[in-house]
Amino acid sequence: MTEILPTHIKIIDSGEAVARQTLTVLKRSNLINDSSSAKSHLFYTNVDVKILNYFLKDVKEPCEVVYLDF
């Protein structure tokens, strides 16, 4: 991306700072999940569940997609 921008434009990547702050908030609220049990993910969609299942097909952890009319 920097190859196409003028040199006076600076890109600020806040991802690391956001991740650190998220960790701080989770620790402060005692919401860190440090269990070694199997993980699973639950997703909600208001379109055909097959669409989201397609994008999740390569996820290693179990995923469940539920349709909700919202």
Side-chain angles (χ1 to χ4, degrees):
M1 173 81 83
T2 56
E3 304 84 37
I4 62 173
L5 294 174
T7 56
H8 70 279
I9 295 180
K10 304 292 183 214
I11 297 175
I12 300 172
D13 182 0
S14 61
E16 186 177 338
V18 170
R20 281 194 311 269
Q21 181 62 21
T22 301
L23 180 60
T24 299
V25 170
L26 290 173
K27 283 181 177 179
R28 185 180 325 130
S29 301
N30 199 25
L31 292 173
I32 296 291
N33 181 1
D34 56 3
S35 73
S36 60
S37 62
K39 312 290 188 275
S40 64
H41 304 283
L42 177 59
F43 296 90
Y44 295 96
T45 182
N46 63 348
V47 296
D48 188 344
V49 297
K50 288 184 232 169
I51 296 169
L52 192 50
N53 276 322
Y54 172 79
F55 288 105
L56 297 170
K57 68 183 182 311
D58 295 325
V59 175
K60 304 276 188 268
E61 295 85 14
C63 296
E64 180 182 359
V65 179
V66 176
Y67 173 81
L68 282 181
D69 187 16
F70 54 89

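Any value given below was found using the heavy atoms of this structure, including those in side chains, with hydrogens, waters and symmetry copies removed.
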### Task
Using the test side-chain contact (heavy atoms from CB on, under 4.5 Å), find all partners of Thr22 that sit at least two apart in sequence or belong to another chain.
Val18, Leu26
### Residue list, side-chain hydrogen bond (donor to acceptor under 3.5 Å, both in side chains) with Ser14, at least two apart or on another chain
none
All N/O donor-acceptor pairs, side-chain side in residues 42-56, below 3.5 Å, sequence neighbours left out:
{"unit_1": "Thr45", "atom_1": "OG1", "unit_2": "Val47", "atom_2": "N", "d": "3.2"}
{"unit_1": "Asn46", "atom_1": "ND2", "unit_2": "Phe70", "atom_2": "O", "d": "3.4"}
{"unit_1": "Asp48", "atom_1": "OD1", "unit_2": "Lys50", "atom_2": "N", "d": "3.0"}
{"unit_1": "Asn53", "atom_1": "ND2", "unit_2": "Val49", "atom_2": "O", "d": "3.3"}

### Task
Scan residues 28-38 for pairs that pass salt bridge (charged side-chain N to carboxylate O under 4.0 Å, His left out), counting only residues two or more places apart or in two chains.
none
### Task
Under the salt bridge (charged side-chain N to carboxylate O under 4.0 Å, His left out) rule, collect the residues that match up with Arg20, sequence neighbours excluded.
Glu16
Please table the atom pairs, donor to acceptor, closer than 3.5 Å between any side-chain atom in residues 57-68 and protein atoms at least two apart or in another chain.
none

### Query
What's the verdict on side chain to side chain contact (heavy atoms under 4.5 Å, CB included) for Leu31 and Val25, showing C-alpha distance, side-chain angles and the deciding distance?
CA-CA 8 Å; Leu31 292 173; Val25 170; over 6 Å; no
